[in-house]
> 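Sharing a structure here in structure tokens format.
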Amino acid sequence: MRPTPDDSRLSMQQRRGYDHAEVERKWQDRWSDADVYHAPDDAEDPTYVLGMYPYPSGQLHMGHVRNYTITDAYARYRRMRGDDVLHPMGWDAFGLPAENAAKERDTDPREWTFDCIETMKDQMRSMGFGYDWDREVTTCVPEYYQWNQWLFRRFHEEGLVERRAADVNWCPSCETVLADEQVEAEAELCWRCETPVEQRELEQWFLKITEYADELIDDIDDLEGWPDSVRQMQRNWIGRQHGTRLPFDIEGDDADYGTVEAFTTRADTVFGATFFALAPDHPITQELLDDPEVHEFVHHEADPEGDEPNGVETDLTATNPVTGEGLPVYVADFVLSDVGTGALMGVPAHDERDHVFASKMGIPIDPVVAPAPDDEGGCESDSGEPNPPDVSESAYTADGVLVNSGEYSGLDSETARDRITAETDGAEEATQYRLRDWGISRQRYWGTPIPVVHCDDCGPVVVPESDLPVELPEFVNTTGNPLDAAEEWKETTCPECGGDAVRETDTMDTFVDSSWYFLRYVSPDLDDAPFDRERANDWMPVDRYVGGIEHAVMHLLYSRFFTKVLADHEGLEHREPFTDLLAQGMVQLEGEKMSKSKGNVVSPQEIVSEYGADTARLFMMQAAQPERDFDWTDQGVQSAYRFLQRLHETVETFDPGAGGERDAVAEYVAREVDATIAVAREDYDSMTFNTALREARELVGLLRNYREYADAVHAETFRRGLDAAVRLLAPVTPHVAEELWDDLGGEGFVAEAPFPEPAGDAADYDLERQLVENTRGDVRQIVDVAGIEAPERVDVAVAPEWKHRALEIATDSNADNVVSEIMQEPSIRERGDAAADYGQELQEERQSLPRTLSPDREFETLRRAAWLLRREFDVEVRVLRAEEADGDLAGDAKPGRPAIRIE
RNA sequence: GCGGGAGUGGCCGAGUCCGGCCAAAGGCGGCGGACUUAAGAUCCGCUCACUCAGGUGUUCGUGGGUUCGAAUCCUACCUCCCGCACCA
């Protein structure tokens, strides 16, 4: 399954081709020496192509290779099209794995991280990725993370930072907070020491992303360059819902608990409310814990994870603000304190979950919305009111017409919602979001220190700009948070009162780093601001952003949030960071995701050493569209490898002095070169590399056929074909393309050469190709069906001018009778019966008349392609104009369908 | 459950937006042939069925529908993948 370097799979002859290792190294060095991929600061508006920067794990895996090959190919293509291109790379260098690796190896995270970066950078170079390394960004150095701190300050100044208590996973043995991923399975054990994890409430820092919730969700509509899936995932994540907040007065036997608001999207069902429910951790619930039943429920029975809704009735009563009715109040575990207001009105007739709960607790179920009479299942009673639906088994959750709802009866749901909201005292329209503020505190070492000092007198104080950066202290290998153990570092003075104070020991979520790194590439060395505002305004947004779908929400949402904040407060003139987003598919093995645990990983390094980077790149790009998953197959790799060897051989053995004529065959080849270029350009524009590469491969095949067929090729034509093939492949297989470009005597680097352009009329190539294919197919069919053993001659005659003219008239005509229409034309009328017959045919097929070439162009196309028949059937081929063919033959020809006679 | 994406010939995969030379490109695999001592590589042809002159029939998850005409449009259903999920 895993190719090994000394595998004997490659035969001796395969190996006799070019030495990919040598070629690739050579050109990597030359590119680097010539600074080919550098984007100068004075570029006006370079095309910004970006792959999501990697976490430096030390190993480039196939997912990386695919991701970065896509951006590299596109960046190279744009460069060849004459654009300035910004194609940078950097390192998402903070994060937990470095800390763990450091502990295991008794080194420190910094050293480990830089080792990994060095390795991966080498691997990237060996893949031939053309990055502007002058713009490399590494998030774990103070020169970068000081700007995280600076931005934290700015967010704070703008009121977008908040400190509040939040629940975290806490391992009492390791004395540290754990990320959700580090809490194992159902049992919730610490992944390191298997101690049961506790929930602990800690003071945490939040960025108030919810302030931007509306804009973040509304602007998704305009992100037309993004995949629908990602857009939908972000919408769901933000989860905006419009509804009504209704006030319910809560009273007990001897106490008044005030007013509790409940959010509902179905204010129209308020007459059907038969209970009220509070979350187990709702403040009022907490006041009721003296009640043994409530206490028992809250502490022992409530199971928010379970499927069953559980609850306990209290002695309280809630007053329905619309009906004035008193409702029993329950504490229920399906009511979540962080959803809505942590309290809800229960309408079992029109909500499935409420229905289940009410059925279980014996609460009445009163339907108040009926299907509209004109809908399926709706029907009217004698009184003219629709009959209430049967809700004994399940809730009726659709909108409809209100019944049993006092003055609102008879209204449709939507109108009723509006009116109830407007006419009920204390009720108001409300919007609710699923999106929560972004908690960025991490109780770990390897991240950006949150620039805050805690003073007994002043409380938490943000470190002033002049004292930034707050640098990380030396790493100490300890159980808990190393920052907590860094006593000397922790001790400081309060920037406000000068008194003794301690530093905040939490660091930032690494998603903060990645929320703006794409701006840092614009001016990576700037030391008085995170990014050069003017240049960012010119260069942003990123034109093409490519990465894994796993970042569909978090990273991409945070980046959008940061961009909007920077637009509002830092003069950035863009409110969205990424114009086009491509979520690349997975590289799989036999339909399964590659993973270390499954042991089905193909190592890019081994592929590169055996087949070379170009082969790996070519195989990946031609295997599937970038967004699709595909299977890694050794056959595919070998096929790509052999293709490159063939290409190399074709160029190497090309004789520029070859004395072939510019005959019909050469013209055919020349024409195909243009057609290929035209198609490939479109494909590269849309990043459908697979189809562009197919064209290039077919062109090389054609050139080889030509070479084999002709005694001597027309040197100029052949050369142009090779030149086109090499340049079409250059974005994907840059090394071999440079080598061959050099062999062909190209000027400078192919990486900087212009992308080929079709010469002459590029329109209707598809018709030409189709005509040739159909004609060849027809000949085969005839030979086959008619059982012609050894054909000697094939005559192909194109249709006469008048038939083309007739077709043209018929195509444009709206008249009822096409025959009389075309007969108006003297040149057609004079054909007599033949014209009438053809006209009849056109009349019958008039709804499916083909688009065709002109007779001259048909003739020329077939004349150029005749060699294909000659070669295939080893026959004499004559391509005839209508007037050259004898009557019988010419009579059969139609536009797009030449007459064929085989003898 | 809700939302998103997808189902094409032995396999992979174009085509689906803008219905019509679409029995459906290309690759892989298979078969036959050329070359070779041979294998490999390379090249040519075949690879739904029937058919003695370019024809016919049945195909693009399944069933309906629109249309002169549907892989392509509409609709219902089935299956797979991915998000979110006791969200009020």
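Letters A, B, ... are given to chains in the order of the sequence lines, protein chains preceding strands, and every chain is numbered from 1. As the structure is a computational prediction, the values presented were derived from the model and not from experiment.
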> Applying a 4.0 Å non-hydrogen cut-off, can you work out what Leu336(A) is touching in the nucleic acid: base, sugar-phosphate, or nothing?
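Contact class for Leu336(A): base.
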> Of the options rG27(B), rG29(B), rG3(B), whose atoms approach the side-chain atoms of Asn236(A) most closely?
rG3(B)
> Are Glu698(A) and Arg704(A) close enough for a salt bridge, meaning some N to O gap below 4.0 Å?
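Salt bridge: no.
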> Could you work out, with salt bridge (charged side-chain N to carboxylate O under 4.0 Å, His left out) as the rule, every residue matching Glu224(A), not counting sequence neighbours?
none
> So, does Asn705(A) get its side chain near the phosphate of rC44(B), meaning an N or O under 4.0 Å from OP1 or OP2?
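So the side-chain polar atoms of Asn705(A) do come within 4.0 Å of the phosphate oxygens OP1 or OP2 of rC44(B), strictly under.
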> Within this structure, what is the CD-to-P distance between Glu627(A) and rG4(B), rounded to whole angstrom?
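That distance rounds to 19 Å.
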> Give a yes or no on whether Asp874(A) atom CG has more than 12 heavy-atom contacts from other residues, nucleotides or ligands under 6.0 Å away.
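Not buried by this count: 12 neighbours or fewer within 6.0 Å.
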> Starting from C1' on rC81(B), measure out to CZ on Arg628(A) and report it in whole angstrom.
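For the pair Arg628(A) CZ and rC81(B) C1', the rounded distance is 12 Å.
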> Just N and O in the side chain of Gln232(A): are any of them under 4.0 Å from OP1 or OP2 of rG5(B)?
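The answer is no; no side-chain N or O of Gln232(A) sits under 4.0 Å from OP1 or OP2.
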> Could you check how far CG of Leu644(A) sits from P of rG27(B), rounded to whole Å?
16 Å
> Side chain of Arg694(A) only, heavy atoms from C-beta on: which candidate in rA88(B), rC21(B), rA25(B) is closest?
rA25(B)
> Base, sugar-phosphate, or nothing for Asp303(A), non-hydrogen atoms under 4.0 angstrom?
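Since a base atom lies under 4.0 Å of Asp303(A), the category is base.
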> Could you check whether Gln770(A) gets within reach of a base, just the sugar-phosphate, or nothing at all, counting any heavy atom under 4.0 Å?
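Here Gln770(A) touches the backbone only, sparing every base.
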> What about Phe619(A) and Phe630(A), are their ring centers closer than 6.0 Å?
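That pair passes the under 6.0 Å test.
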> Determine which bases of RNA chain B form Watson-Crick or G-U wobble pairs with both distances under 3.5 Å, and write the result as a 5' to 3' dot-bracket string with | for other-strand partners.
((((((((.[[[..)....(.....]]]((((((.......))))))(((....)))...[[[[[..)....]]]]])))))))....
> May I ask you to evaluate whether Gln638(A) reaches the phosphate of rA41(B), defined as a side-chain N or O under 4.0 Å from OP1 or OP2?
no
> Could you tell me how far rG33(B) sits from rC82(B) if I compare only their C1' atoms? Round to whole Å.
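Per the computed distance, 48 Å lies between those C1' atoms.
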> Could you tell me the separation between the NZ atom of Lys894(A) and the C1' atom of rA53(B), rounded to a whole number of Å?
14 Å
> Grab the CZ-C1' distance between Arg870(A) and rG45(B) for me, whole Å please.
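So the CZ-C1' distance, Arg870(A) to rG45(B), works out to 19 Å.
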> Salt bridge or not for Asp221(A) and Arg235(A), using N-O below 4.0 Å?
yes
> Just to be sure I understand the rule, does Val335(A) reach a base, reach only the sugar-phosphate, or reach nothing, if contact means heavy atoms closer than 4.0 Å?
base
> Have a look at Glu698(A) and say if it touches a base, only the backbone sugar-phosphate, or nothing, with a 4.0 Å heavy-atom cut-off.
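Sugar-phosphate, backbone atoms only, no base.
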> From the options rA88(B), rG54(B), rC28(B), select the nucleotide whose nearest atom is closest to the side chain of Phe263(A).
rA88(B)
> Under 4.0 angstrom, heavy atoms only, what part of the nucleic acid is Arg897(A) near: base, sugar-phosphate, or nothing?
base
> Between rA85(B) and Arg353(A), is there an OP1 or OP2 to side-chain N/O distance shorter than 4.0 Å?
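Arg353(A) to rA85(B) OP1/OP2: no side-chain N or O under 4.0 Å.
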> Classify the angle between the aromatic ring planes of His20(A) and Tyr641(A) as parallel (below 30°), tilted (30 to 60°) or perpendicular (above 60°).
perpendicular
> Heavy atoms from C-beta onward define the side chain here; which of rG45(B), rC86(B), rG27(B) lies closest to that of Asp333(A)?
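Out of rG45(B), rC86(B), rG27(B), the nucleotide with an atom closest to Asp333(A)'s side chain is rC86(B).
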> Any base atoms under 4.0 Å from Pro898(A), or only sugar-phosphate, or nothing? Heavy atoms, all strands.
base
> As a test of reading the structure: which of rG83(B), rG45(B), rA88(B) is closest to the side chain of Arg776(A), going by heavy atoms?
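Closest of the options to the side chain of Arg776(A): rG45(B).
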> What's Gln622(A) touching, base or sugar-phosphate or nothing? Going by heavy atoms closer than 4.0 Å.
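Result for Gln622(A) = nothing.
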> Which residue, Thr269(A), Asp268(A), Thr264(A), forms the side-chain hydrogen bond (donor to acceptor under 3.5 Å, both in side chains) with Arg266(A)?
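Only one option passes, and that is Asp268(A).
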> Can you tell me which nucleotide in rG83(B), rC28(B), rG45(B) comes closest to the side chain of Ser639(A)?
rC28(B)
> Looking for any heavy atom pair under 4.0 Å, which part of the strands does Gly239(A) touch: base, sugar-phosphate only, or nothing?
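Result for Gly239(A) = nothing.
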> Specify the separation, in whole Å, of atom CE of Met621(A) and atom C1' of rG13(B).
15 Å
> Examine rG27(B): is either OP1 or OP2 under 4.0 Å from a nitrogen or oxygen in the side chain of Arg697(A)? Give yes or no.
no
> Below the 4.0 Å mark, does rC44(B) have OP1 or OP2 next to a side-chain nitrogen or oxygen of Arg704(A)?
no
> Quick one: Leu435(A) CG to rC87(B) P, roughly how many Å, whole number?
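Interatomic distance, CG of Leu435(A) to P of rC87(B): 18 Å.
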> Are the charged groups of Glu695(A) and Arg769(A) less than 4.0 angstrom apart, N to O?
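Yes, charged N to carboxylate O under 4.0 Å.
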> Can you list everything that forms a salt bridge (charged side-chain N to carboxylate O under 4.0 Å, His left out) with Glu301(A)? Sequence neighbours excluded, please.
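Result, salt bridge (charged side-chain N to carboxylate O under 4.0 Å, His left out) vs Glu301(A): none returned.
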> To the side chain of Arg901(A), which of rG83(B), rA53(B), rG45(B) is closest?
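Closest of the options to the side chain of Arg901(A): rA53(B).
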> Select one nucleotide: of rA88(B), rG29(B), rC46(B), the one nearest the side-chain heavy atoms of Gln241(A).
rA88(B)
